[in-house]
Amino acid sequence: VTSTIIDRVGTAPAASGKAGGFLALDWNEGTPVGPLSRKSFELHAQLAKDLKLSSYRRMTCSAIAVDGGGKPLSKKLMAVEWADLGAVSERKMGGEDTI
């Protein structure tokens, strides 16, 4: 069976957030999948250690709101490499201890 899914909101809205929820320690805290997310976070680190992967690393994450206007509205957002989309705000979502 061939099928096509069309989301009325847009192409893959929040897709990275859904996938990231199982890579981050606490993004699903207080939900039914919270314990699964915590276990996934632990297992990713353990698997990287067991396989001696040099490519595994913890990182930071921010949510950036854009308005499509072209120029960042603050100096802080000038460091965002794609700020030419009109970055208007930033919210930290986690650090190296949780992502």
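For clarity, every value in this text was computed on a predicted model and none was experimentally measured.
- The minimum heavy-atom distance linking Ile99 with Cys61 is given by the pair CD1-CB, 3.3 Å.
- Heavy atoms only, all atoms of each residue included: Asn28 and Thr31 are closest at O-OG1, 2.6 Å.
- Atoms CD and NZ, from Gln46 and Lys39 in turn, are 9.0 Å apart once rounded to the nearest 0.5 Å.
- Grouping the Ile, Leu, Val, Met, Phe, Trp and Tyr side chains by contacts below 4.5 angstrom, directly or via other members, places Leu53 apart from Met59.
- Closest approach of Phe41 and Ala24 over heavy atoms only: CD1-C, 3.8 Å.
- Ionic pairing of Glu29 and Arg38 is present here: one or more N-O contacts between side-chain nitrogen and carboxylate oxygen are shorter than 4.0 angstrom.
- Here Arg91 pairs with Ala63, Met93 under the side chain to side chain contact (heavy atoms under 4.5 Å, CB included) rule; sequence neighbours left out.
- Atom OG1 of Thr60 sits about 13.0 Å away from atom CZ of Arg58, to the nearest 0.5 Å.
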